[in-house]
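In what follows, a structure is listed as structure tokens, so that the remarks can point back to it.
Along the sequence shown, the residues carry numbers beginning at 1.
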Amino acid sequence: MANRAKEPKGVKLDHISKIYQDPKTGKEFYAVHDVALDIAPGSFVTLLGPSGCGKTTTLRMIAGFESPDEGEIYLGGEPINALTPNKRDTAMVFQSYALFPHYNVFDNVAYGLRLRKAPKDEIKQRVTDILALVELSGMEQRMTNQLSGGQQQRVALARALVVEPGVLLFDEPLSNLDAKLRVQMRTEIRRIQQTLGITAIYVTHDQSEAMSISDQIILMKGGVIAQMGSPTEIYYHPVSEFVADFIGECNFLKGRAASCANGQTVVELPTGTAAVNTEKAYAYGTDCEIVVRPEAIQISDTGMLPCKVELSCFMGSYQNYHVRVGDTLVKITDNCPVNKKIYQVGDQCFISFDPACAHLL
């Protein structure tokens with residue numbers, strides 16, 4: 001089972017849109033608008049974004065529960081718009097698990113294979129193998145209401161995997177679990193996906209979940225793609241304030257480009273100047289915004305920009321500061337504060353950051 005005989009399939013969304021009618025106004029609107037992307041076979045892709053951004057609608061169109069009003073969906077190079085969900089080479093893991101309460105674990109997992117009229121011996125072997133993969137061996141005869149939330153989630157995952165789909169779809173599968181279990185289960189899902197080499201498309205509004213498991217993140221806003229890229233690209237090179245703010249915490253320092261040379265732009269800020277590594281050239285006087293993460297900023301007695309401490313809070317692994325730079329509030333995560341000078345509220349000091357650790361919008 002671990003060495004999949006089937007090749008994973010890629011998914012292509014060719015400018016798909018979904019139009020709904022607003023029940024209050026009766027006006028039509030795009031829930032998803034002109035989404036075009038290519039998902040490579042065997043990759044783990046996450047659709048991320050706030051409520052109402054179109055991520056779940058996009059997933060449901062891939063699954064066949066919704067039909068696109070414009071565009072075509074391809075699975076492994078084949079157009080699938082006309083196929084019903086059960087005719088598509090996909091399997092879905094739902095937020096609610098959707099297990100059968102009157103079936104035991106074995107029968108829940110075997111359900112899809114029995115529908116496909118697989119031989120009895122093959123069903124037994126495949127269910128046994130997949131339960132081992134999701135670490136539920138020996139639980140075959142348990143009823144699902146005797147299982148913890150994490151175990152139920154594993155059964156739902158096993159039931160989707162056992163039919164060996166070309167693409168595995170996840171609709172916020174961990175949102176019913178507590179925080180610690182979510183972290184454990186997302187690691188498990190990633191391990192299983194990599195073990196099987198299966199293509200996975202995952203929907204979540206939790207940015208840390210998306211960062212930890214994805215090869216590629218597709219961040220959506222208002223039915224369109226705001227940015228797509230690897231977690232590293234999206235974190236360090238956001239294309240907009242929305243993206244920067246949605247993925248982790250961010251500081252924004254507004255200023256104007258003063259000079260641009262050797263891949264660096266010097267930005268004039270109300271309280272001083274700061275250099276940022278940039279790929280494109282900014283003309284003198286161009287309004288711009290430095291994006292810098294809290295963990296990329298150093299606080300010290302001397303440095304780049306003067307500031308005043310407004311909050312100093314010990315968090316164990318880091319000291320959390322809020323400082324005022326001119327009129328702007330800046331958040332700082334000072335990691336491993338042991339043996340470092342701790343600044344107190346009211347202290348006048350400076351912040352600095354490496355030009356390579358900031359980004360210019």
Side-chain angles (χ1 to χ4, degrees), residues 1-6 8-9 11 42 44 46 56 59-60 62-65 75 83-177 181-182 184-204 209 213:
M1 184 77 204
N3 300 315
R4 287 171 58 80
K6 276 181 69 173
K9 291 185 177 176
V11 177
F44 197 119
T46 298
T56 299
L59 190 79
R60 289 176 64 80
I62 297 166
F65 301 128
L75 186 64
L83 298 181
T84 55
N86 62 321
K87 295 280 191 286
R88 299 185 181 199
D89 190 11
T90 60
M92 176 91 96
V93 180
F94 295 94
Q95 184 177 349
S96 61
Y97 315 143
L99 300 175
F100 301 118
H102 52 291
Y103 283 1
N104 64 19
V105 168
F106 185 94
D107 291 336
N108 261 286
V109 177
Y111 182 76
L113 294 175
R114 287 186 177 133
L115 275 186
R116 289 164 173 76
K117 307 220 172 359
K120 207 170 179 181
D121 289 350
E122 187 189 330
I123 291 175
K124 189 170 192 314
Q125 189 59 54
R126 281 170 68 175
V127 172
T128 303
D129 287 350
I130 207 72
L131 286 175
L133 187 70
V134 300
E135 295 174 353
L136 286 177
S137 296
M139 298 267 195
E140 290 82 353
Q141 300 312 311
R142 290 263 191 105
M143 300 307 284
T144 54
N145 63 1
Q146 298 173 311
L147 303 176
S148 68
Q151 288 169 332
Q152 288 183 26
Q153 185 59 75
R154 287 169 192 270
V155 175
L157 183 56
R159 187 181 57 188
L161 287 168
V162 80
V163 297
E164 296 186 353
V167 178
L168 190 56
L169 308 172
F170 293 92
D171 184 15
E172 306 228 15
L174 306 181
S175 50
N176 292 336
L177 302 177
L181 199 52
R182 283 182 78 148
Q184 189 188 334
M185 274 307 299
R186 75 190 187 201
T187 308
E188 277 298 284
I189 286 171
R190 181 60 160 156
R191 174 185 70 81
I192 289 162
Q193 181 266 336
Q194 288 180 317
T195 302
L196 298 177
I198 195 170
T199 309
I201 304 172
Y202 191 99
V203 161
T204 184
E209 201 162 282
I213 57 179

Scanning both residues in full, the closest heavy-atom pair of R116 with V163 reads NH1-CG1, 3.5 Å
Using every non-hydrogen atom in the two residues, find where A160 and P165 come nearest and quote the distance to one decimal.
O-CD, 3.4 Å
Go through it in stages, so that I can follow the logic: the residues are V167 and D89, the test is side chain to side chain contact (heavy atoms under 4.5 Å, CB included), and I'd like the CA-CA distance, side-chain angles, deciding distance and then a yes or no.
CA-CA 7 Å; V167 178; D89 190 11; over 6 Å; no
Quick one: list whatever passes side chain to side chain contact (heavy atoms under 4.5 Å, CB included) with A156, sequence neighbours left out.
V93, Y97, L99, Q153
Results of side chain to side chain contact (heavy atoms under 4.5 Å, CB included) for Q194 - residues two or more places apart only
R190
Which atoms form the tightest heavy-atom contact between V134 and A158, and what is the distance?
CG2-CB, 4.0 Å
Assess the residue pair L133 and L196 against the criterion (side chain to side chain contact (heavy atoms under 4.5 Å, CB included)); give the C-alpha distance rounded to whole Å, side-chain angles, the decisive distance to 0.1 Å, and a yes or no.
CA-CA 10 Å; L133 187 70; L196 298 177; 3.9 Å; yes
I198 vs L161 side-chain heavy atoms within contact, under 4.5 Å:
yes
For T128, which residues count as a side chain to side chain contact (heavy atoms under 4.5 Å, CB included) partner, sequence neighbours excluded?
K124
Side chain to side chain contact (heavy atoms under 4.5 Å, CB included) filter on K117, not counting sequence neighbours, yields none
Under a 4.0 Å threshold between the charged nitrogen and the carboxylate oxygen, would D107 count as salt-bridged to R114?
yes
In short, P8 meets G42 closest at the heavy-atom pair CB-N, 3.6 Å
Trace of the side chain to side chain contact (heavy atoms under 4.5 Å, CB included) decision for L157 with L168
CA-CA 9 Å; L157 183 56; L168 190 56; 4.2 Å; yes
With sequence neighbours excluded, give me every ring-ring contact (aromatic ring centres under 6.0 Å, His included) pair touching residues 104-143.
F100-Y111
Give a yes or no on this: more than 12 heavy atoms of other residues, nucleotides or ligands lie within 6.0 Å of atom CG of D121.
no
Taking the six-membered ring for Trp, are Y202 and F170 parallel (under 30°), tilted (30 to 60°) or perpendicular (over 60°)?
tilted
Is Q184 close to L181 at the side-chain level, that is, under 4.5 Å between some pair of heavy atoms?
yes
Is there any side chain to side chain donor-acceptor pair (under 3.5 Å) pair reaching into residues 133-146, and which pairs are they, with sequence neighbours excluded?
N104-Q141
